[in-house]
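Below you'll find the structure, written out as structure tokens, and then a few comments.
No experiment lies behind these values; they were computed from the predicted model shown.
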Amino acid sequence: MDQKLGKLLSDILAADSVSGTSLIMTVFGDILARRGGSISLSSLIELLSVFNVSDRFVRTSVFRLVKDGWLVAERSGRYSFYHVTEEAMERFTEAEERIYSAHDAEWNRKWQMISLPNVSGSELMEARKHLESAGYAILSTSVMLYPRADKAMTRHLLNRYALGDKALVFEAESCDLMDANEGNLKSLVARLWLLDEVEERFQTLLSQFRPVLAMLENGKGIEPAQAFQVRTLLIHIYRRALLKYPPLPEELLPSHWPGKAARTLTHNIYNLVVYSAEQHVDAVARAADGALPKADKQFCERFGGITLR
């Protein structure tokens with residue numbers, strides 16, 4: 001392995017407290033969901049060994065993901081296998097559309113508002129948690145706000161969490177009645193979606209991975225195991241920043257927003273390592289019926305198109 005690149009990656013890991021469940025979620029979302037959604041526990045442990053984590057670390061993390069409904073366990077002889085659940089696959093697909101998009105979606109200049117007037121207590125807390133995970137922000141105690149009006153998405157979301165008979169849904173549009181309206185709107189968005197924190201995460205990613213890109217572009221190639229390490233760590237950190245907020249339109253973001261630069265950097269590095277990383281997965285990972293299937297069509301459409309040569 002390239003020792004200089006290894007040192008860069010070790011420094012990134014040391015600066016970031018990586019949780020086992022989150023790291024495994026990245027592996028399932030970035031790789032396994034598009035390659036059958038299943039893997040043996042032993043080969044998952046081997047895949048993650050490049051991060052110097054223990055067997056116990058992986059086993060404990062997988063157990064939590066089963067408990068939380070992301071994975072389901074199956075035994076075949078002496079071996080354990082883990083599969084992505086149907087609900088988890090749906091959520092991976094939704095996140096994938098944002099993580100690997102080639103460009104920002106256009107804004108229809110409308111907002112979706114969900115009011116939960118007759119929901120309270122723990123039921124309200126649970127409903128708000130589900131809506132926040134989908135990108136909504138808490139505007140007031142029982143009112144949630146989303147920066148796009150997407151009826152199909154909202155209907156699907158309310159049905160998924162059994163909120164259809166408890167919610168009132170409104171479409172809103174901001175009015176430029178005062179000169180300060182635009183500034184006030186940006187301030188509100190920054191506060192509701194904690195954009196200072198998101199911006200800091202993007203800036204950290206840029207400072208950590210720009211040297212990685214320079215090294216990859218100037219190097220003589222990269223070994224499969226290290227390519228897998230770069231790819232997984234990159235998407236792990238990028239995903240955690242990106243999914244902290246919904247796809248906000250450029251008009252609502254602060255000046256000099258680093259999100260586009262982070263996406264371009266991620267895309268460039270991903271293209272340089274994805275082929276070798278897939279080779280490592282081919283060599284190590286196993287499902288119940290043998291080798292994992294090859295990556296599907298949707299995988300090859302990431303970032304506008306990647307090539308597995």
Hey, is [X] close enough to [Y] for a salt bridge, meaning N to O under 4.0 Å?
X      : Y      : value
Arg302 : Asp30  : yes
Arg160 : Glu94  : yes
Asp150 : Lys110 : no
Glu251 : Lys186 : no

Just by distance, no angles: are the side chains of [X] and [Y] close enough, under 3.5 Å, to form a donor-acceptor pair?
X      : Y      : answer
Arg231 : Ser276 : no
His256 : Glu199 : no
Thr204 : Ser207 : no
Arg239 : Thr26  : yes

Hey, any chance Ile306 and Val281 share a hydrophobic cluster, counting ILVMFWY side chains that come within less than 4.5 Å of each other, even indirectly? yes
State plainly whether one hydrophobic cluster holds both Met89 and Leu71, where clusters connect Ile, Leu, Val, Met, Phe, Trp and Tyr through side-chain heavy atoms under 4.5 angstrom apart. yes
Glu173 atom CD, over 12 foreign heavy atoms within 6.0 Å: yes
Would one find more than 12 heavy atoms of other residues, nucleotides or ligands at under 6.0 Å from atom CD of Glu200? no
Please write out which residues are connected to Leu131 in a hydrophobic cluster, directly or through intermediates, given that two of Ile, Leu, Val, Met, Phe, Trp, Tyr count as joined at side-chain heavy-atom separations below 4.5 angstrom. Ile114, Leu116, Val119, Leu124, Tyr136, Ile138, Met144, Tyr146, Met153, Leu157, Leu158, Tyr161, Leu163, Val169
Tyr100 six-ring centre to Arg263 NZ/CZ under 6.0 Å and within 45° of normal: no
Could you go through Lys294 and Glu278, starting from their C-alpha distance and side-chain angles, then the distance that decides it, and tell me whether this counts as salt bridge (Lys or Arg N to Asp or Glu O under 4.0 Å)? CA-CA 9 Å; Lys294 294 297 181 182; Glu278 287 292 303; over 6 Å; no
Is there any ring-ring contact (aromatic ring centres under 6.0 Å, His included) pair reaching into residues 67-87, and which pairs are they, with sequence neighbours excluded? Trp70-Phe92
Counting N and O atoms only, with roles assigned by atom type, does the side chain of Thr85 sit under 3.5 Å from a partner on the main chain of Gly69, one being a donor and the other an acceptor? yes
According to the interplanar angle, ranging from 0 to 90°, do the rings of Phe228 and His280 count as parallel (below 30°), tilted (30 to 60°) or perpendicular (above 60°)? tilted
